Amino acid sequence: MGLFKRKPKAAAGNRPVPRHIAVIMDGNGRWAKKRGLPRQAGHKIGAETFRTIATYCKDIGVQYFTVYAFSTENWKRPQEEVDALMELFRKYLREAAETMFQRGVAVRVLGDLSPLPRDILELIRETGEIADTLGPDAATASLCINYGGRDEIKNAVRAIAEQVKGGALAPEDITEETIGAHLYTAHMPDPDLIIRPSGEVRISNFLLWQSAYAEYYFTDVLWPDFKTADMDAAIDAYNSRNRRFGGV
Ligand code: FPP
């Protein structure tokens, strides 16, 4: 009987996995263009890819999976595309609360959420409540929405400056940990591996502070085409690197 049991995916590759993987989900527009479809169609398949890869990461033992879903600069896109992305977040957050919960993945949203429509804020709050019920050790998939690395650091500096102004903190007591504790990612370790698909080779304001010692992996695959085998390839590349954190 045991012979026919589905092997857990974690045992399939037997590779050690990074604790925290982050992805810049790039290439949705080009994926759609290649097929003569509107850009939004690429984002829709990109959202499906997120669901598949986030589940796979949980299955193979990755504790944190974080993706760039909407940057502070993405508001500059045509209104139609911004609206389509907001609609996708709405639809996804409604479904995610259930399906990802069933799969044991806590979905969280990071970023400056203040300019988001009120109903999306409510969905984010509900999703967070559902994630909380999975407990603090659950695998976490975080969607960065209205996220910008510089904006995040600026907000942290402002909050710390307020504490200094109020006398609660002395400037000489500000440490790297103080800054880390004021970022959206305060509750998670820094990313070990950051993946950018679609052939672009830049960091685009993603996790600027947190990526100080991250390993980068670039691939030409467009995000909607990204498969679990591509994640395996990225993890293999990561495992072949010699991380020295500034040492020798
Ligand atoms: C970058 O590709 C992608 C984005 C700006 C949006 C990413 C959003 C999603 C994948 C969907 C939302 C996710 C969930 C889980 C609801 P691009 O549009 O810049 O592509 P291009 O460089 O080919 O034009």
Side-chain angles (χ1 to χ4, degrees), residues 21-58 62 64-103 105-113 115-117 119-124 126-128 130-131 139-149 151 194-207 218-227 230-231:
I21 298 179
V23 177
I24 300 173
M25 302 189 290
D26 199 11
N28 299 338
R30 278 162 286 164
W31 183 93
K33 196 175 171 201
K34 266 171 52 182
R35 288 163 178 76
L37 297 169
R39 294 175 57 80
Q40 288 86 303
H43 296 317
K44 191 159 174 264
I45 304 298
E48 280 311 313
T49 305
F50 165 76
R51 205 197 303 250
T52 306
I53 298 297
T55 305
Y56 182 64
C57 281
K58 188 248 164 193
V62 175
Y64 297 94
F65 179 65
T66 304
V67 297
Y68 209 177
F70 194 90
S71 76
T72 43
E73 288 74 38
N74 284 155
W75 298 105
K76 288 186 276 195
R77 294 192 173 203
Q79 193 57 42
E80 194 189 356
E81 185 173 344
V82 171
D83 289 346
L85 278 165
M86 292 300 146
E87 194 48 40
L88 208 49
F89 296 145
R90 237 176 230 116
K91 184 171 172 290
Y92 181 81
L93 286 167
R94 255 186 228 113
E95 290 172 14
E98 263 190 47
T99 55
M100 297 305 265
F101 174 77
Q102 283 157 8
R103 295 176 192 185
V105 181
V107 175
R108 307 266 178 202
V109 180
L110 312 178
D112 173 10
L113 307 181
L116 296 178
D119 65 314
I120 295 187
L121 285 177
E122 182 57 21
L123 284 166
I124 291 172
E126 285 169 17
T127 309
I130 292 170
T140 301
S142 303
L143 285 169
C144 295
I145 300 182
N146 196 34
Y147 176 87
D151 186 62
I194 300 183
I195 301 171
R196 183 163 194 158
S198 94
E200 306 291 355
V201 189
R202 52 178 173 263
I203 58 173
S204 299
N205 205 13
F206 188 45
L207 301 176
F218 298 97
T219 169
D220 288 341
V221 175
L222 303 175
W223 177 246
D225 287 328
F226 196 93
K227 301 284 185 286
D230 297 304
M231 182 52 86

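One-based numbering, in listed order, for ligands and for the atoms of each. Excluded from the calculations below are hydrogen atoms, water molecules and symmetry mates; all remaining heavy atoms, backbone and side chain alike, are included. All values reported here derive from a predicted model rather than from experimental measurement.
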Please examine the side chains of [Y] and [X], heavy atoms only from C-beta on, and report whether any two atoms are closer than 4.5 Å.
X: Val82; Y: Phe70; result: yes
X: Arg196; Y: Arg202; result: yes
X: Glu80; Y: Gln40; result: yes
X: Tyr147; Y: Leu207; result: yes

Quiz prompt | Exceeds 12 heavy-atom contacts within 6.0 angstrom, atom CD of Glu122 | solution =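 Enclosed: over 12 neighbouring heavy atoms sit under 6.0 Å from CD of Glu122.
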
Exercise. Using modelled atom types only, decide if a donor and an acceptor are shared between the side chain of Arg30 and the backbone of Leu222 within a distance under 3.5 Å.
Key: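 Looks like no, no N/O pair under 3.5 Å.
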
Practice problem: For ligand 1, would you mind listing the residues that have at least one heavy atom less than 4.0 Å away, ordered by chain and number? | Solution: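 The 4.0 Å shell around ligand 1 contains Met25, Asp26, Gly27, Asn28, Gly29, Arg30, Arg39, His43, Gly46, Ala47, Phe50, Ala69, Asn74, Arg77, Leu85, Leu88, Phe89, Tyr92, Leu143.
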
